[in-house]
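Just below is one structure, and these are the notes that go with it.
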Amino acid sequence: MVKQESESANRPDNTAFTQQRLPAWQPILSAGIVIPGFVLIGLAFIGIGVALLVTSRSIQVLELDYTGDSNGSPCSSCSQSDIANCKCSLNFTLTTLFQGPVFFYYGLSNYFQNYRRYGASKDDNQLYGDLSSFTSPSSSCSPYNYDSSKKPIVPCGSIANSMFNDTFTLTRTVSGTTNNVTLDGKGIAWWTDYNIKYRNPSVTPLKNAFNGTVKPINWAKPAYELDASDRSNNGFVNQDFLVWMRRAALPNFRKLYRRIDASGDYQKGLPAGNYTIDITYNYPVRAFNGAKKIVFSNVSWMGGSNEFLGIAYLVIGSLCVVMSVVMLIVYAKFKFPDEE
Amino acid sequence: NDRSFNLSHGYANNAIRTSKYSIFTFLPLNLFEQFRRLANAYFLFLLILQLIPQISSLSWFTTAVPLVFVLSISAVKDANDDINRHKCDRQVNNRKVDVLMDGQLKNEKWMNVQVGDIVKLENNEFVTADLLLLSSSEPLNLVYVETAELDGETNLKVKQALTATGELEDNIEALAAFNGEVRCEPPNNRLDKFKGTLTMNDDIYALDNDKMLLRGCTLRNTEWCFGLVIFGGPDTKLMQNSGKSVFKRTSIDHLMNILVLCIFGFLGFMCAIMAILNAFWEASEGSLFTVFLPREAGIDAHLSSFLTFWSYVIILNTVVPISLYVSMEVIRLGNSFFINWDRKMYYPKNDTPAQARTTTLSEELGQIKYIFSDKTGTLTQNIMTFNKCSINGKAYGEQLCLRKQMITLVDFSWNNLADPKFSFHDHSLVEMVRSGNPETQEFFRLLSLCHTVMPEEKKEGELNYQAQSPDEGALVTAARNFGFVFRSRTPETITVIEMGKQVIYKLLAVLDFNNVRKRMSVIVRGPEGKLTLYCKGADTIILERLDPSCNKLMKLTTNHLNEYAGDGLRTLALAYKDLDESYMKDWTQRHHEASIAMEEREEKLDELYEEIEKDMMLLGATAVEDKLQDGVPQTIEQLAKADIKIWVLTGDKQETAENIGYSCNMLREEMKDVFFVSANTAEGVKEELLKMCPEAAEEPSVTTSRGGLFWVEKMETVQDEKVDGEYGLIINGHSLAFALEKNLRLELLRTACMCQTVICCRVTPLQKAQVVQLVKKYKQAVTLAIGDGANDVSMIKAAHIGVGISGQEGMQAVLSSDFSFAQFRYLQRLLLVHGRWSYIRMCKFLGYFFYKNFTFTLMHFWYAFFCGFSAQTVYDEWFITFYNTIYTALPVLGLSLFEQDVNDRWSLQHPQLYTPGQKNQYFNKKAFVRCVMHSCYSSLILFFIPWASMHDTVRDDGKDIADYQSFALLAQTCLLIVVFAQLFLDTYYWTAINQLFVWASIAVYFAITFTMYSSGMFLIFTSAFPFTGTARNSLNQPNVWLTIFLSSLLCVLPVVAFRFILIQLRPTINDEVRAKARKEALPAPAPRRTLKKRITRRSGYAFSHSQGYGALVMSQKFLLKGHMRRLALFDHRDSPMVQNQPQHYRTITEESESQSP
């Protein structure tokens, strides 16, 4: 026996793996699976599509362009001048209740926040409150890392420098009196941005941390004075700043500006009536054929309004059903696996 | 022999180093080696590009991590190889040899041997270094060496020392005092040349190759010899010759090279588009956008577009994925392992598993179009068995085929010298012998006397015959078992033990065999002084030279011979003649005169032989079976069904080859015609070739196309022409030589390709290679050569794939082969199962891999239109880094290692499944283009569905989700899922491992993504992972998942529908078999066809195939001045030397039987 074993020392192991006999599932594109599969998927898609479309249709969206391109538009004077804090106002009327919660967005178009150099132009360490990066900002911020007198810019980089700086107030005119609609600017940025990604240096008062640095060239106020009304909403954790810093994927985008505070008359949203938005017009977009707009929108379980998904599901679902019919016909004609 | 003096010259010592690296040089050298590979260099170039901040569109790690990964895998492999080489070197360097030092022999390690040392070698030792032979134990200072390791020839070669040095013999003092000066040429790699002089005591002697023992040889049949070390270690001819193995590449490799170049072109094209569009964008938009995005100093639109070009080169480089080559190697390695592991290709008899010696060719096994097979040892076992005989008109050994099971073997135990391996089935013959029947005894006496076999008796009673041809061995062995034991021979005597009695015959003459005579005779004087001539030879020849008195017997015997030949046996007729003393004396005298004649010696001898070999008495005939290997006809039939053409290239005679052709079902009775080409002139050959197809066009149609890299290679392809019916072609080596010449070779190829079967006989190894190259060059088909002997080496090396039959004596074929196994029949499994699977796997892998990477990369292209052509990536940089190396690496490997469309039994059941591989159908340029189109579609879906669904939308709490990071995450998740879904569609064979790989990869993706985007990672490495929080903020959104779902199905469903309809409309053979396999669990066992017996053929078999060496046997100076005369004691019959002799053949068919050559 021993001899026999030693003689067949080279004999390969008889395992399912080495002999390539591993048990396996061998699916096959048979008519019994494919055609009913297509029908089922098609029906499911149509179902989802209808649900999505209905949901999307139920979302109310109000878009108001205020770029001021055309001469008749309210902000045309502002858009053509370079005056800082130019004021203009926009009126609109709601005929029905704008179901709450209502979100107040500003939108920019033809704006390339996704340009590579633009996107790279920031210093994560600085924004994380690293004081050493305050004095020597990363070269990725160039040319916005040092100002002309070689002082470090904090926050550095193109993104921060180009922060959106129009401001809006919303008023409602009810029988001649104008009431301010309270806008809630808390928690409009991502939780992770606010709590983790961006941090102020742990220096009190915050202002001291910025000693020896200058504010970004385009900014009116330094970072530690962004929100005069709320001291905690300053520096890098300023909500507007955070929203801006989360750069958009596409050249046309909207960013959350405020929420309509759901209190008092506005518990259910924006009631019907006449509204005015007072705009402090600072942000120049006409140079690059950009556009600015204000968007009011509410949301559903599927987020903001987007009819595309619903339509796509519907179309594809129908196509699936059509396809299954086609395949059925083809199959009936050829009946491949059954023929001998 | 002054060591210190010699040392001062600084010759290389005998230590060898085949390893490439040492511990310290490993890293730099290995890196250097690796970067010499184009792909690696390309990635290094990319890495450098990425370090330029103006260009770098990706962080350096996206290229660096995969590059390091790939480099380290290769480095580990190289290091492992190198360690093995180190070990091997150490073993060789530490071999011991006796070195003469300070007047005495010392046992030294090889590596300590120095140039100028004198070493003593003993029998069967390896030669230590290149030595100048000084003296030896054998007379005339001869030394026999085997040079198998050097040139692959197993025969012994003779070396002779100078007489001057030979006188030293083994006198240690004299040798120690030996003082001479050798001047010779510098070390070189020519094995057959050596020039030098030896100056000794003011005499100058010329040295040539005959006096050199080269390293790598083995000393044989020589007790000892002394040699002077001339070249040591790396200077030896062996080492100078090594490391020049041909690197074979598969056709997929060639295709890949072309494709990769195309891809580079495509990459350049895409980048150029991007650069141009960037220039436009910069001019129309970017210049206006400078308020928010100022240009860097000194960069205008043109420069920006130039930089963009390079940035996009970096981003889009993933179309040429770095892991492609590594993955291909891994797949091939895996498939090679599966071949090694296959039990069904393991031959238990000599414990030989199949072995993939080259691991880079596995998929080419699935594309074989032509097989070139050797005959001896490949188709046949090269074992001759004495099967039947006819003695005095009575046939013996007949029952064999009638009642196989019932017959017990004949017991030879009464004969203590019998060969235990011999078996015979007819008891009556033994009885006849033992009863002392004179004819029978004479019959076996003849067999035991008339031959040129050399006996070797190592121990008492243990005889070993070394026969020039196995036929002879078989006959002598038969005689031995029937009680006529050939015991020993001297030049003048033959000792035979006849029925237990020792009888010594005086050997008077050997009338040697040659190709014209086709017979050999011996003239012996028996112990009683009786003179007898014993003759054996081809039946046709012998029967003509018989005494008229045995006419009746002749008829009977002829009948038997016809029968034997019909069974495919090799036949010989035996005859004897008693000689007259006075006549003999006279004849001997004339023979002596003739043999010393200066002119026309051969003719004169022939005449003499002719004179004496007549009026002989017929004794009978023998039939020797040339045993086919198991399963050869079935294998050939299977391969033929798979549309593989088999050409047999053999050194054998035409009749042998033809006979084998019939017996292994290559030539069939029902074939329309079998052509023989055996003309001796170019015109004749052409005529004979044209004869086959008189209606065909005058010139073979040759299409010329350009291909290969840059389309500079000119390719000519001979078109197949339609033929009706099956033809066979048998071409003689002599004619082949003409046919292979430039003007005729296309003609040959055309004719040969029209035939079902081509048999080339009498071909030299060189011709074998030429034939292979001819087909390779003009058919652009993948060729496989299979053989077992040293003479097949050239063919094996020339073919795309060389297969060696292992487990037999010679290892040269195996050593130069790419695959080896023990039996020819395993070839069908190797090709039809492993080859096909490997090919399918490789093709699926390539198709899938290109799909996956093109889809991945094209997304960047589409995104460019939305980000100002700024070379912004769609994905997170870490995703780019891990995509090929972690996320998709294993599932792809799973697909390409375990995939099988149908299992092995079905593959063998339906050899037609093999044909798509030959036609290159699964992966070719068209398939590649299809694959690219498919990826275009997928990437469009994958980009625009998320684009549309994320456009202007927000989270369900109103916050931002259309930001870049969320979009990146969405796009990459969609991509990954689609890629896995596609894998799902491509995989036919889902093992648990595949499932595990896929699900684990998906899990790993999410795990890594969540980890990288977690707060913890950001706290630790602040700037490395900027995507903090993206995963949890976007992946909890239903519309994100709906988008993923939509885009995945939108990518998958059309493919499903398309494939379904394609299966319905145009089912491929694979689909059919798969459908069948689904219905029946296992294929019905193939009906074993029994081969029809043919009795119409008649083979005229002589015994050996070359000039016999009767002269040598008779010669006193046996081997003395043989100038490399073939001492082929080991049968390599179809060797180059054999072919040097002129061959004059006639076609011996039934019709021409009566003609004599």
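From a predicted model like this one, the values you see are computed outputs, not experimental measurements. Letters go in sequence order (proteins before strands), and every chain restarts at 1.
Residues forming a salt bridge (Lys or Arg N to Asp or Glu O under 4.0 Å) with A:Lys197 (at least two apart in sequence, or on another chain): none.
Looking at A:Ile159, there are no atoms closer than 4.5 Å to chain B (heavy atoms on both sides), in backbone or side chain. Looking at A:Pro23, the atoms closer than 4.5 Å to chain B (heavy atoms on both sides) all sit in the backbone: N, CA, C or O. For a residue to count as touching a neighbouring chain, one of its non-hydrogen atoms must lie under 4.5 Å from one of that chain's; by this rule A:Asp13 touches chain B with the backbone only. Interface residue A:Phe38: only side-chain heavy atoms are found under 4.5 Å from chain B. Looking at A:Ala120, there are no atoms closer than 4.5 Å to chain B (heavy atoms on both sides), in backbone or side chain. Proximity to chain A (any heavy atom under 4.5 Å) is shown, for B:Leu1019, by both the backbone and the side chain. Contact annotation for A:Phe45: only side-chain heavy atoms (C-beta onward) come within less than 4.5 Å of a heavy atom of chain B. Using a 4.5 Å cut-off between heavy atoms, A:Leu319 makes no contact with chain B at all. The contact between B:Ala992 and chain A is made entirely by backbone atoms, counting heavy-atom distances below 4.5 Å. Contact of A:Phe104 with chain B is not made at all, since no heavy-atom distance falls under 4.5 Å. Using a 4.5 Å cut-off between heavy atoms, A:Leu127 does not touch chain B at all. Interface remark: A:Phe103 contributes side-chain atoms only to the contact with chain B (heavy atom separation under 4.5 Å). The contact between A:Ile188 and chain B is made entirely by backbone atoms, counting heavy-atom distances below 4.5 Å. Both the backbone and the side chain of A:Ile196 come within less than 4.5 Å of a heavy atom in chain B. A:Tyr128 touches chain B through its side chain: at least one heavy atom from C-beta onward sits under 4.5 Å away, while N, CA, C and O do not. Of the two parts of A:Met327, the backbone and the side chain both hold a non-hydrogen atom closer than 4.5 Å to a non-hydrogen atom of chain B.
In terms of non-hydrogen atom pairs under 4.5 Å with chain B, the most contact-rich of A:Asp193, A:Asn289, A:Asn110, A:Ile48 is A:Asn110. Of the listed residues (B:Tyr964, B:Tyr863, B:Trp837, B:Phe337), the one with the most heavy-atom contacts under 4.5 Å to chain A is B:Tyr964. For the options A:Phe308, A:Tyr118, A:Tyr115, heavy-atom pairs under 4.5 Å to chain B are most numerous at A:Tyr115.
Other residues, nucleotides and ligands place more than 12 heavy atoms under 6.0 Å from the CZ atom of B:Phe865. More than 12 heavy atoms of other shown residues, nucleotides or ligands fall within 6.0 angstrom of atom CZ in A:Phe164.
Salt bridge status for B:Asp960 with A:Arg246: absent, with no side-chain N to carboxylate O gap under 4.0 Å.
Between the A:Gln20 side chain and the B:Phe898 main chain, no donor and acceptor come within less than 3.5 Å of each other.
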